[in-house]
Structures are given as structure tokens and as C-alpha cells.
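I have placed the structure first, in the form of C-alpha cells, so that the comments after it can refer back to it.
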Number of protein chains: 2
Amino acid sequence: MTASQTTDLLRQHGLRPTRQRIALASLLFDGHPRHVTAESLKEQVKASGIKLSLATIYNTLHQFTAAGLLKEIKGISDVTWFDTNINSHHHFLDTSNNHLIDIPASSITITNLPKTPAGKVINGVEVIVRLTDG
Amino acid sequence: MTASQTTDLLRQHGLRPTRQRIALASLLFDGHPRHVTAESLKEQVKASGIKLSLATIYNTLHQFTAAGLLKEIKGISDVTWFDTNINSHHHFLDTSNNHLIDIPASSITITNLPKTPAGKVINGVEVIVRLTDG
DNA sequence: TATTTTATTTAAAACCATTCTAATCTACTT
DNA sequence: AAGTAGATTAGAATGGTTTTAAATAAAATA
């Protein structure tokens, strides 16, 4: 994605195209699905010679999430993941190396789910398949 | 559960029946399914007039888990839950009040799961159904 | 373009659930 | 009863994440 395309993408989502956001967006939205944590992204940023603070990485990840560009995956393992695949889907969690692998939503069929408690509405169904070496 | 039954339970699992463990075990294993966090348990303990440290609550919850008396549920919401239901099962997470509700394993059928990655073994499948008010 | 306004970035401090430390205490063994 | 291995504890440390408040940069206005 060119810098100008990245700029457009940011503007389309109401985000000012700052140097930092452009750098992060071009790392993240290269067309390949990507799972990042704040720390892993910080290392990628560092490896590409860009300098920006960890606070900005957190801010930006949350802003991208609010804008619908990322999906936040809390609670799998101890750190928060951000996924460029914003469609509903599930995950393998490889606990031996703490990596996530996408499982398409279509790959899993859930039947016989009990009745939703009164006054409540289902907001999402998440399946985590934990893997170990073996 | 009487104190002597609690003592037996602890001994059967290789745990010394200390005052603290007996107190926690009798709160937890009253026959009703229970979801606790370290903090929620601390408050129950406090309410029953027992005095013990938060470190002991954490220690004990982990020891009970290691002994197979509890199941640890990491990653749903920001805190670690401990569940007296040690059978394989799933959860509703009511995000409006951060409560968990059990879903029996038999209530959910998963089909079409993709092939497990080479060299890996499935260690558990966890389904989280997020609820909101509405 | 210069100026003003508003949003963004940042380093450092704060936060908070959880774990660790190391001193004290308690249950079990002999 | 004495010894020892295990348990408890207060308080410090940890680590991912958030907040703060000051500096900077982008957009709007003149």
C-alpha cells in the first residue's frame, strides 16, 4: 500500500494521517492477515527503523480497532492481540509458542446452544482451540 | 460440608488441612457450582469473618487447581476465574456485569473443525458466548 | 503564509492483577 | 517435645497496559 493510499485509508476512518499512524498502518495492512501484540508490533517498528513510543502503539491499535480496521482479541493468553482479520472467525492458540492461527467462521458449526438468558443478547461467539506440541 | 469432611478432601488431594485451606474449601465446595476470582473470594472470606492474606488466596486457588479441585479459566475478561465445575464445559460471559454462566459441553457441537496443524495436538476447545443487555 | 485551534505524540509515572521474597508460623514426623 | 518440611504472610516486585501533562504536529482560519 502506498503512503498516499494509507493516508486515504486513515482519512476515510476519521483519523489524521500522522507519520506514526501511516507507519503502523502500512505495516499492518499489507493485505496479509496479521496477529500482533503491542510488543510484537513495537519490534517490527523498530526493525524497520521507525521510532515511536509504546504509548503511541497502544493508542493507535485502539484507534484502529475503534475505526473497525482491527479486531481486538482480549484474553487469549496474557496479552491483548490485534487481528487484521475483522471478520467473525475463531482461533487456534498454539500454547507452545503463543501464536494464533485463524479458523474461518465457516469452519465451525455450533448447534444446541442453550437459550440465551432472559434480557440478554448474544454479542459474539468465540471458539479457542488450544494446541500443544505432540 | 463439615470441617472433618473438608479435612478429608484436602488430605485425599495431598494438601495439608490448614485453617486457611479448610476455610476456603468450605466456601468453595458447598455443592453448588461457583465461579470465583481471587478478589471475589477475598470478599466472601472477609464477609465470613475469616482473616487470611490475598497471597494465600492465590496460592490456594492454584493448589486446588493443581489438585484437580478447580478449573482455571484464564483470559475471559481481564481477571482469572476459578470454576468449581471441573468438567469440560463452556461459558456465557455476561459483559454487563462480568458474570460467568456455565454451558454444558453437551450443549455445543462443533463440526468441520479444520485439520490440526502438523506436529500439534488439541489440548482443549473453549467456547465463549458473550452477552450484553438488550 | 502566519496564526490559532485542536488533535496527537511522548516520556514518565501510575495502575492493577498477579507473583515473588524471605521471615515467621504451623502441621506433621520422630 | 524437638525437628523439619511445608504453609502463611506483608510487602515488594513484576509486567502489560493506561494515564498524565507537557511538547509537538496537523488542520482550520485569517
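Treat the numbers as computed from the prediction; the structure is a model and nothing was measured. Lettering of chains follows the sequences in order, A, B, ..., and the numbering in each one begins at 1.
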Worksheet, complete the sentence: Rounded to whole Å, CG of Leu10(B) lies from P of dG6(D) at a distance of 17 Å
Worksheet item: Is the number of heavy atoms from other residues, nucleotides or ligands within 6.0 Å of NZ (Lys120(B)) greater than 12?
Response: yes
Worksheet item: Would you say the side-chain atoms of His35(B) and Asn85(B) include a donor-acceptor pair closer than 3.5 Å?
Response: no
Worksheet item: With no hydrogens and no angle check, is any side-chain donor or acceptor of Thr84(A) less than 3.5 Å from a backbone partner on Arg34(A)?
Response: yes
Worksheet item: Can you tell if the side chain of Val127(B) reaches within under 4.5 Å of the side chain of Ile103(B), non-hydrogen atoms only?
Response: no
Discussion item. I'd like to know if the side chain of Thr60(B) reaches the main chain of Ile57(B), judged simply by a donor and an acceptor atom lying under 3.5 Å from each other, with no hydrogens or angles considered.
Written reply: no
Fill in: is_close_aromatic(Phe64(B), His13(B)), centroid dist under 6.0 Å
no
Discussion item. Has Thr65(B) got a side-chain atom pairing as donor or acceptor with Lys71(B)'s backbone, closer than 3.5 angstrom?
Written reply: no
Worksheet item: Quick one: how far along DNA chain C does chain B reach, first to last nucleotide 5' to 3', anything under 4.0 Å to a heavy atom?
Response: dA17(C) to dC28(C)
Fill in: Contact pattern, 5' to 3', of nucleotides 13-30 of chain D - B, S or - by protein heavy atom under 4.0 Å
---SBBB------BS---
Practice prompt. Examine Leu93(A) and Val129(B) and state if one hydrophobic cluster contains both, with Ile, Leu, Val, Met, Phe, Trp and Tyr joined whenever side-chain heavy atoms are less than 4.5 Å apart.
Written response: no
